[in-house]
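Bear in mind that the values here come from a model prediction, so they are computed numbers and not experimental data. A, B, ... follow the sequence lines: proteins, then strands. Residue 1 opens every chain.
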Amino acid sequence: MSLLEVSDLHTHFVTRDRDDRIRTARALNGVGFTLQKGRILGLVGESGAGKSLTVTSILGLLHPPARVVAGRALFQGRDLLAMSASERSALRGNRIGFVVQSAKASLDPLARVGEQLVRVQRAHARRSRREAMERAEAILAAVSIPDPKRRLAAWPHEFSGGMAQRVVIALALVNEPDLLIADEPTTALDVTVQAQILDLLSAAVRGRGIGAIIVTHDLGVVAQYCDDVAVMFAGSVVEQGPVAEVFPRPMHPYTQALLAATPERLRLGAGLRLGGPPPNLYALPEGCCYRLRCDRSRDVCRSAPPLAQVGDQRAACHFAREPAEAEA
Amino acid sequence: MRRALPFLLRRLVLLVPLLFVVALGTFVLLRLGGQDPSAMLAGPTATADEIARLRAQYGLDRPLPVQFLIWLGRVLNGDLGHSWISNRPVLAELVDRAPASLELLVLGVLIGALVGVPVGLISALRRGRGFDHAARLISLLGFSVPTYFLGLALLLIFFYVLEWAPPGMGRLSLMLDPPPRVTGSFLLDALFAGRWETAQSAAAQLVLPVASIAILCAAPIIAQTRAIALSVLSSPPIAYAEAQGLPPRTIARIALRNAATPVVTFIGAELVGLVGSGSLIEYVFAWGGTGQFGLDAIVKGDFAVVQGYVLLLAVFSVVVFLAVDLLVLVLEPRAGRA
Ligand SMILES: Nc1ncnc2c1ncn2[C@@H]1O[C@H](COP(=O)(O)OP(=O)(O)OP(=O)(O)O)[C@@H](O)[C@H]1O
Ligand SMILES: [Mg+2]
């Protein structure tokens, strides 16, 4: 049984425009990927591709007008999308740890760090304050925060960005989760601190033998820290598989463009908009979503692309098995 | 509370230049206004000689800076001058009347907040539903009704038509004597003295003017509390609390604590901001507090009273903001805050 198996996930934003007509933004269009225990999956894609939305959909953290309209997300065999809100809430912060992007903005400004660590433990387990405080101290030490006993009494604003990020990782780990999800855990940090945090995060995951999803813009991060990769475009996973197979031989034209655009640093950013703007979510093109930006687009791309599989690598493209012309 | 004392001292030191500027400002504005009180005092039949004598008597013939310095020196000795109209010391007049205005304002804002804050919170939680729409409509009505009209309308309905409330003729039924003065609030003093009938009458007289103030301040408090609650509910700490699977009650508590400071600050500002409307309400109900007295003095050009009144308002606002800051210090025990 996979740790997490997401399939055919559709999330829409349903709003009314000024003329009271219903408008639907199809932000996720059949997202699917699989994560095995003990592995780290990198979820990559340009801004607006739907990476965060995938995570919040799975965790049941959507607010109107966003709504999951179809799909399954099996976590240890149980469908997260079919269970009640309170069942899901019992898993969040407990079996599934979540690492936010902006730690300093997300920690409760009016509670000491120790208190926040105690709070998340006692929300999910019967545990005395004393015992919870001891665990809190241990977990702060585990994420390499110096002088953890004293830092328990510190307020969030007294931490630097990097240290606050460690606190958030501690909060995610303190209940010994089976799955860790980190949404761009380092974008708000200095480059030097970024590496430390990612080292810490991957060591924590490896050391515990749990699974993790790291959402990132940075293909370099995926290459260095992840076992698997899922590439998202316009609300779909266009290609996925082990990093060791996808990076040397990308099958989807979008993955190829990503990897070709910044060969040295493999950095993903505004530069990856080379092919043009992302498609309009209110009126997605029929067939392949990428075809308007794809230089290999043909008539056949107006029909939905099949899923081509080579080994463990899968790509949604009509030409997935043909070698890329632009490769050089 | 170890941090409260130096904080208080710092604020009190700031008070001095503030009061000086306020005093100077009022003085200059009034004298530039060009009204000559001596002519009014002397009456229509006075000769030029008589007017000149009056001007000399009140020092109005001296240069302005000298007039100001004379006045300031007296103020520092607790002498705010004499009212030209009542011929009593200004300080005594203000001290006599301040409790009446204060009880009106404080009670009104307290009740307005006790109603407005919960309504605003529920409104935010039920955003876009029936309760929210109703609360916003009521709040809008409260915003748009003119102060004067509100007081008169309440009198018309509850005194004239329904006969539930006593007439708006002061702080006590004309048949009763005021209780011995302790706090200056007739209600409290009557209770202290054990004079139940007097207390009852004082309370009955309070109802309509206090209700007016409460309605006037509930409207903005509802709107502001709702806005603050909505912004807190959509803030990253609340989203993160949900991502940690914290129970709804814990999340509600986190949200409330984070909303408390801005709401309390706003209510403090309302208390100060309502002084003007309070004066009008005092007029409608012949309340006879500092509000009505000060307004009267402005209309009649009673310089010394106006200056004293404005100074009193400055002190009042400083005291209110000081109290708010102390309360925030309690609500937000974060170290290292200035
Ligand atoms: N209220 C809304 N109505 C319509 N579309 C929305 C709304 N909110 C978000 N979206 C769309 O949902 C899509 C998914 O956004 P998401 O935040 O998941 O992107 P992302 O891949 O995480 O991007 P980033 O790298 O910038 O974090 C975006 O294209 C965005 O435009
Ligand atoms: Mg995102």
* **Region of A:Asp108 that comes under 4.5 Å of a non-hydrogen atom in chain B** => both
* Asked: Can you name the nearest heavy-atom pair linking B:Pro237 to A:Leu107, along with the distance?
  -> CG-O, 3.8 Å
* Structure fact -> When rounded to the nearest 0.5 Å, the distance separating CZ of A:Arg92 from CG of B:Leu246 is 9.5 Å
* Looking at side-chain heavy atoms only, is the closest gap between A:Leu59 and B:Glu242 below 4.5 Å? -> no
* B:Pro247 and A:Ala123: which non-hydrogen atoms are nearest, and at how many Å? -> CD-CB, 3.6 Å
* Asked: Between CD1 of B:Ile238 and OG of A:Ser106, what distance do you get to the nearest 0.5 Å?
  -> 11.0 Å
* So does A:Arg127 have more than 12 non-hydrogen atoms from other groups sitting under 6.0 Å from CZ? -> yes
* Asked: How about A:Pro109 and B:Asn258: do any of their side-chain heavy atoms sit closer than 4.5 Å?
  -> yes
* Taking the side chain as every heavy atom from C-beta outward, state whether A:Leu110 and B:Thr261 have any atom pair closer than 4.5 Å. => no
* To do: Please round to the nearest 0.5 Å and tell me the distance separating atom OH of B:Tyr240 and atom CD of A:Gln116.
  => 7.5 Å
* **Side-chain (A:His124) to main-chain (B:Gln244) donor-acceptor, under 3.5 angstrom** => yes
* Asked: In terms of heavy-atom contacts, does CZ of B:Phe143 have more than 12 from other residues, nucleotides or ligands at under 6.0 Å?
  -> yes
